[in-house]
Q: 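Right, I'll just put the structure down here and ask away after.
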Amino acid sequence: MKFFVDTADTKDIAELAATGLLDGVTTNPSLIAKSGRDFMEVTKEICALVNGPVSAEVVALDHPTMMKEAEILRKIADNVCIKVPLTIDGLKTCKALTEDGTMVNVTLCFSANQALLAAKAGATFISPFVGRHDDNGFDGMQLISDIRLIYDNYDFETAILVASVRHAVHVLESAKIGADVMTAPPAVIKSLFNHVLTEKGIQGFLADWAKTGQSIG
Ligand code: G3P
C-alpha cells in the first residue's frame, strides 16, 4: 500500500520524504488555507520534494472553468495530479483530463456507487473519506471493502486512495482490505512507527550495553 501525506506543510513533507517511505502528497483548499502559503508557490515546492503524485484541487464548480484551472495547475510540475470533486462536472473534467494523460484524483467520495462512476470516468485515484463517513454514523472501512469488491469485479484500474484517515486502525484496516493508497496527516503517519514495547526494548538493551563498557568502532 502506498503512503501519501495529507498536508501542505512543506517541513512535515520534507521530514517524511527523508524516510524514503513517502509515495505522494494530497492537499485540498482547507490544507492550503491552513498553510497560509500561496497555492501555486507551495504546490511547486511540494512537487519538488516528492517523486510521486501531488494532488492539487480545483475550486471551480463548472466543467469549463475546472478545465481552465486544471490547465494552470498541471503546468506546475509533471507530478501534479488534478483533484476534482465527485460531481457531474467533476467527472466530465476527470474524463477529459485522463484521456489527455493527466492524473486525476476524484475527491469527496462517500458511496460505492460514486466510486463506480469515478472509475468509469477513468479516474487515476478515487478518494473515499473514511473519517468523515465514520463521523456521520456510517462505516468508513465498509465503504473501502465495497469499492475494492466492485473494482476487482470489473478490473477497474482506478486506485483506491483512502482519505480522511484519522488513526492507525484506519491504516491497518486499509492495508488488510487491499486499498492501493492511504493518505493521512503527518501525525498519523509518525504514530505508525511507535510501540511502547519497542521503546521499552531499546531502553533495556541500552542499559545492559552500558554495563559491558564496550563501544562499537
Ligand atoms: O484531503 C482529503 C481528506 O483527507 C480530508 O480529511 O480529516 O479533513 O476529513 P479530513
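In each ligand, atom 1 is the first atom listed, and ligand 1 is the first ligand listed. Given the structure is predicted, the values throughout are model-derived calculations rather than measurements.
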Q: Could you identify the single nearest non-hydrogen protein atom to atom 2 (C) of ligand 1 and state the distance to 0.1 Å?
A: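 Residue, atom and distance for the closest contact: Phe129 CZ, 3.3 Å.
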Q: Taking only non-hydrogen atoms of His133, do any sit less than 4.0 angstrom from ligand 1?
A: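 So His133 does not count as touching ligand 1.
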Q: What residue and atom, counting heavy atoms only, is the protein's closest point to atom 6 (O) of ligand 1, and at what distance?
A: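 So the nearest neighbour among protein heavy atoms is Ser164 CA, 3.3 Å.
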Q: Using a strict 4.0 Å cut-off to heavy atoms of Asp6, name the atoms of ligand 1 that fall inside it.
A: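 By the 4.0 Å cutoff, the relevant atoms are 1 (O), 2 (C), 3 (C), 4 (O), 5 (C), 6 (O).
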Q: Side chains of Thr26 and Ser55: any donor to acceptor distance under 3.5 Å?
A: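 No, no side-chain donor-acceptor contact under 3.5 Å.
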Q: Looking at Lys211 and Asp208, is any side-chain nitrogen of the basic one under 4.0 Å from a carboxylate oxygen of the acidic one?
A: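 Yes.
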Q: Can Ser191 and Asn194 be counted as having a side-chain donor-acceptor contact under 3.5 angstrom?
A: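 Their side chains do not contain a donor-acceptor pair, so the 3.5 Å distance test is not met.
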Q: Taking distance alone, with no angle check, do Thr183 and ligand 1 share an N/O pair under 3.5 Å?
A: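 In fact, backbone or side chain, Thr183 has no N or O that close.
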Q: If you measure every N/O of Thr27 against every N/O of ligand 1, is any gap under 3.5 Å?
A: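 No, there is no polar N/O contact under 3.5 Å.
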Q: Taking only heavy atoms of Lys83 into account, list the atoms of ligand 1 that are under 4.0 Å away from them.
A: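 Counting from 1, the qualifying ligand atoms are 1 (O), 2 (C).
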Q: Salt-bridged, Asp38 to Lys44, with N to O below 4.0 Å?
A: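 Salt bridge absent between Asp38 and Lys44.
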Q: So, Glu15 and Lys11, do they make that salt bridge, N to O below 4.0 Å?
A: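 So Glu15 does not pair with Lys11 through a salt bridge.
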Q: I need the nearest protein heavy-atom contact for atom 7 (O) of ligand 1: residue, atom name and distance, please.
A: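 Of the protein heavy atoms, Arg166 NE, 3.4 Å lies nearest.
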Q: Atom CD1 of Ile46 and atom CD1 of Ile32: how far apart are they, to the nearest 0.5 Å?
A: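 Ile46 atom CD1 to Ile32 atom CD1 measures 5.5 Å (nearest 0.5 Å).
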Q: Does the ring centre of Phe125 sit less than 6.0 Å away from the ring centre of Phe4?
A: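 Ring-ring flag for Phe4/Phe125: true, centres closer than 6.0 Å.
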Q: Where is the nearest protein heavy atom to atom 8 (O) of ligand 1: which residue, which atom, and how far?
A: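 Ranked first by proximity to atom 8 (O) of ligand 1 is Arg132 NH2, 2.8 Å.
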